[in-house]
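Here's the structure, in structure tokens; my notes come after.
Counting from 1, the numbers follow the sequence of the chain as shown.
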Amino acid sequence: MNKLAELIVKLKWFIIVVVVGLTVFFGYRLPNLTIDSDVINSLPDDDSTAVLYTNIGNKYGGNTMGMVIIQADNIFTTKVLEDIKQITDTIKYIDGISTVTSLTDIIDIKNVDGGIEIGKLVDEYDLPDTQQKLDSLKNYVFSKDMYKGSIVSADGKATLVMFTLLDNADKQVVAKEVKEKITRLNLPEKISFGGLPMMMNDVSNLMLVDLRNLLPIAFVVIMLVLLISFRSARGVILPLLTASISIVWVLGLMQLLGYQLNLVSINMPVILLAVGSAYTIHVINRINECKEKDRRKALIISLAYIIIPVFLSGITTVFGFASFIFGAYLTMIRDFGIFTSLGVLFALLISVTFPPAVTAAFAMYKSTKALKKHKSSEDTFMGKMLLTPFSNLIVKHPKYITVAWIVLMAISIWGIFNIKTSINMADYFHKNDPTRVTEDIMQKEFGGSLPVFVVFKGDMQSPDVLKKMVKTENYMKKYPDISTTQSVADLIEEMNDVMGEGKKIPDERAKIENLWFLLDGQDVMDQLVTKKLDEGIIRSKFASADSKDMKDFVTYMNKFIKENSSNDCQITLTGMPSVYVKLNNSLIRSQFSSLTIAILLVVLIVALILHSFSKGIYAAIPIIATIIILFGFMGVSGIALDIATVLVASVALGMGIDYSIHIITHVSKKFDEVKNMDESVKDSIMISGKAIIINIISVSLGFLVLTFSHIVPIQNFGLLVALSMVGSGLGALTLLPVILILANKAKEKP
């Protein structure tokens, strides 16, 4: 380590030039980095749920639905109908739009002079312009189940313009264009935007706002903590510079390799800001604590000592994040694991080379005069008010501390059983956010916005298949969160009813073929059946955003499908509830597997480097205790396990293990010298404990900045990581020393 430290100081200018050069190279690519907020893309390409859902998009003109809600005192006025038509026409000619359905552009089946007429509900070139015509239209709409509650609200004060996107369309680009063009129309009605593509666009915008606003605030907060703690330019500039460089490198590398930021990796810059500054804090603190008068020599001595604990902290954190690569099912979480572990590796390498090189190159040492003024940890405010009482409490009352932790964990285990899961994108928004308000309107007035598809493989002109479709629709409508359905069977029933033979599927195939002939060429048919008439779908919408309701619905439908599917009519369920259930199950599996892998890797690495399996176990205990408390807090507070909070436990493990490593390496080194555990614990708390507390405060405050995010899961993520840093720090400063005292008392010299 001495030779390595001397080499770093000797090659100081080479290190500075290389780091600056790479930073410029990667920084040049940052403006081209984009954001992907589509959660469906996080399912692997070969996932059966994703494949089935994608096939629907390919065969039936798109599976992604967007909605525009028009609200007025009365929808049935000429002016409002004109505005609905204007919105419909505007959307229809946007690239990437497959179909548009609205009050002025929806199929209608009527009996005219004893025959069937299939056309539009409203003649777009001759809109109703008298009160009598408007009242007639209103009464007719409310008499039809296919319109009431589906395209028009029950009170007649709101209507939908629904559109589907082509499968290969850029959902966020199309959603943005729809929103901009309709907003520019400046219509008098209240206009709201809903559906998955609109939510994805809104989430992307909020992510950009958060990245632009919150990262600088976190930067300033950490800067103030460092300034108060070190009271020197070096103590502020170098930690933040190290973190910033690692962020630039990893984001630039992402863009270079063709990756995008997503709902998970958007947290990466704040994580790297905390981690990158943490390693440099320990390096600078060790340099400050060295009493060697020759400050260049002091730099080498300090660097030689600190390289091992910082390397050990960094490499365990790297493997902590890398556990997502092996333990996560969702690609966005795996990508997060890849690039966050790379970012931590960059921060580790930079922190043990660049700050010492800069310190040596620009003679950023403390002078001999300044060194004399430099107070030891015991004489500082932190030492007197916090570190000394802490060390005395641990040495004198180890049993009290052990009991306190056991009680806290017991309470937390009870809370763990109350943890809920959430994957619905609507939950990303605050309850008063316009996007969330729109989703609430969709659920209340129009049966929700989450598309549901039931696929039927069979002869679509067979009476048995069509009757089975009707039976399935009736079964679906019994579920509280399904209010409307649409299929070709509905159209056949409607036509049969208009012919005076009742609202039912004819028993004879010939009759069905005759009715079908009249439907040929209608736009709606491409959305309901394939060209070969060998497959058809039931389209519906799911009203609830609750994960449990979705899971129950999928179970409810799969039971029916199992009982009614046959060789002649194969039935399959897909849609957003199915996708969300798959995502939800994947979250739980990812949490368990990645955390298990991370714990095993951390224990193994610490054991190998410190040549002691017991020390690996000791280092992990405070973090495991913290994670138990963290999950307990989530259960008690009602914070759900979602796409962001699923990361917290492994993040807590990867970052929190640093504190344990610094304590355990310091205690071990000191104990080898004095063979007295009490003295070793006190010394480690006074020196390493100071850096740990500075780190806890800076990292926690940095993550607490995320509680001001516009996105709810990121708010929760920031709060939970801050709590985990406090918990793991306290565990390293209290529980770990107690374990070391009890385990090593027998090895002390008399």
Open item on the list: Strictly by side-chain hydrogen bond (donor to acceptor under 3.5 Å, both in side chains), give each pair with a member in residues 518-532 just once, sequence neighbours left out.
Closed with: Asp526-Lys531, Thr530-Asp534
TODO: Mind checking side chain to side chain donor-acceptor pair (under 3.5 Å) for Lys181 and listing every partner two or more places apart, or none if nothing turns up?
DONE: Glu177
TODO: State the CE-CD1 distance between Met460 and Ile512, to the nearest 0.5 angstrom.
DONE: 11.0 Å
Task: Distance-only polar pair, side chains of Asp202 and Thr435, donor-acceptor under 3.5 Å - done: yes
TODO: Could you note down all residue pairs passing side-chain hydrogen bond (donor to acceptor under 3.5 Å, both in side chains) where residues 497-506 supplies at least one of them, sequence neighbours left out?
DONE: Glu501-Lys511
Open item on the list: Please check: side-chain N/O of Thr34 versus main-chain N/O of Gln260, any donor-acceptor pairing under 3.5 Å?
Closed with: no
- [ ] Name all pairs fulfilling the salt bridge (Lys or Arg N to Asp or Glu O under 4.0 Å) condition that reach into residues 91-109, sequence neighbours left out, sorted by first residue then second.
- [x] Lys92-Asp105, Asp105-Lys120, Asp108-Lys110
Per-pair distances, 0.1 Å, donor-acceptor, side chain in residues 442-452, under 3.5 Å, sequence neighbours excluded:
from	atom 1	to	atom 2	distance (Å)
Gln443	NE2	Ala543	O	3.4
Ser449	OG	Glu439	OE1	2.5
Ser449	OG	Glu439	OE2	3.4

Side-chain polar contacts of residues 479-486 - donor-acceptor pairs under 3.5 angstrom, sequence neighbours left out - could you list them?
from	atom 1	to	atom 2	distance (Å)
Tyr479	OH	Asp549	O	3.1
Tyr479	OH	Phe553	N	3.4
Thr485	OG1	Glu473	OE1	2.6

TODO: Search all heavy atoms of Ser150 against all heavy atoms of Met162 and return the closest pair with its distance.
DONE: O-CE, 4.5 Å
- [ ] Looking only at non-hydrogen atoms, find the nearest pair between Leu261 and Ser265 and report the distance.
- [x] CA-OG, 3.4 Å
Open item on the list: Given 3.5 Å as the limit, does a donor-acceptor pair link the side chain of Ser136 with the main chain of Lys133, or not?
Closed with: no
For residues 565-572, run the donor-acceptor check on the side chains, cut-off 3.5 Å, and write out each pair with its distance to 0.1 Å, sequence neighbours left out.
from	atom 1	to	atom 2	distance (Å)
Ser565	OG	Ile571	N	3.0
Ser566	OG	Cys569	N	3.2

Task: salt bridge (Lys or Arg N to Asp or Glu O under 4.0 Å) partners for Lys144, two or more places apart - done: Glu494
TODO: Taking all heavy atoms of Pro713 and all of Asp642, pick out the closest pair and write down the distance.
DONE: CB-OD2, 3.5 Å
- [ ] Sequence neighbours left out, what passes ring-ring contact (aromatic ring centres under 6.0 Å, His included) with Tyr475? Give chain and number order.
- [x] Tyr556, Phe560
Task: From Leu160 atom CG to Ile84 atom CD1, the distance as rounded to the nearest 0.5 Å - done: 10.0 Å
Open item on the list: According to side-chain hydrogen bond (donor to acceptor under 3.5 Å, both in side chains), does anything in residues 153-163 pair up with another residue at least two apart or in another chain? List the pairs.
Closed with: Ser153-Asp155
TODO: Kindly state each residue pair satisfying salt bridge (Lys or Arg N to Asp or Glu O under 4.0 Å) with at least one member in residues 56-84, sequence neighbours excluded.
DONE: Lys59-Glu535, Lys79-Asp83
Task: Backbone of Asp135 reached by a side-chain donor or acceptor of Asn139 within 3.5 Å - done: yes
Task: Test: Lys468 and Asp464 ion pair at under 4.0 Å - done: no
Task: Closest non-hydrogen atom pair between Ser204 and Ile35, with its separation - done: OG-CG2, 4.0 Å
Task: Within-4.5 Å side-chain heavy-atom neighbours: Leu81 and Leu103 - done: yes
Task: Thr78 side chain to Leu127 backbone, donor-acceptor under 3.5 Å - done: no
Open item on the list: Suppose the criterion is salt bridge (Lys or Arg N to Asp or Glu O under 4.0 Å): which pairs have a residue in residues 422-438, not counting sequence neighbours?
Closed with: Asp427-Arg436
Open item on the list: Looking at Lys471, is its backbone amide N or carbonyl O close enough to the side chain of Asn474 to form a donor-acceptor pair, meaning the two atoms are under 3.5 Å apart?
Closed with: no
Open item on the list: Under a 3.5 Å cutoff, is there a donor and acceptor pairing between the side chains of Asn558 and Thr555?
Closed with: no
- [ ] Might you point out which heavy atoms bring Leu33 and Met254 nearest each other, and give the distance in Å?
- [x] CD1-CB, 4.3 Å
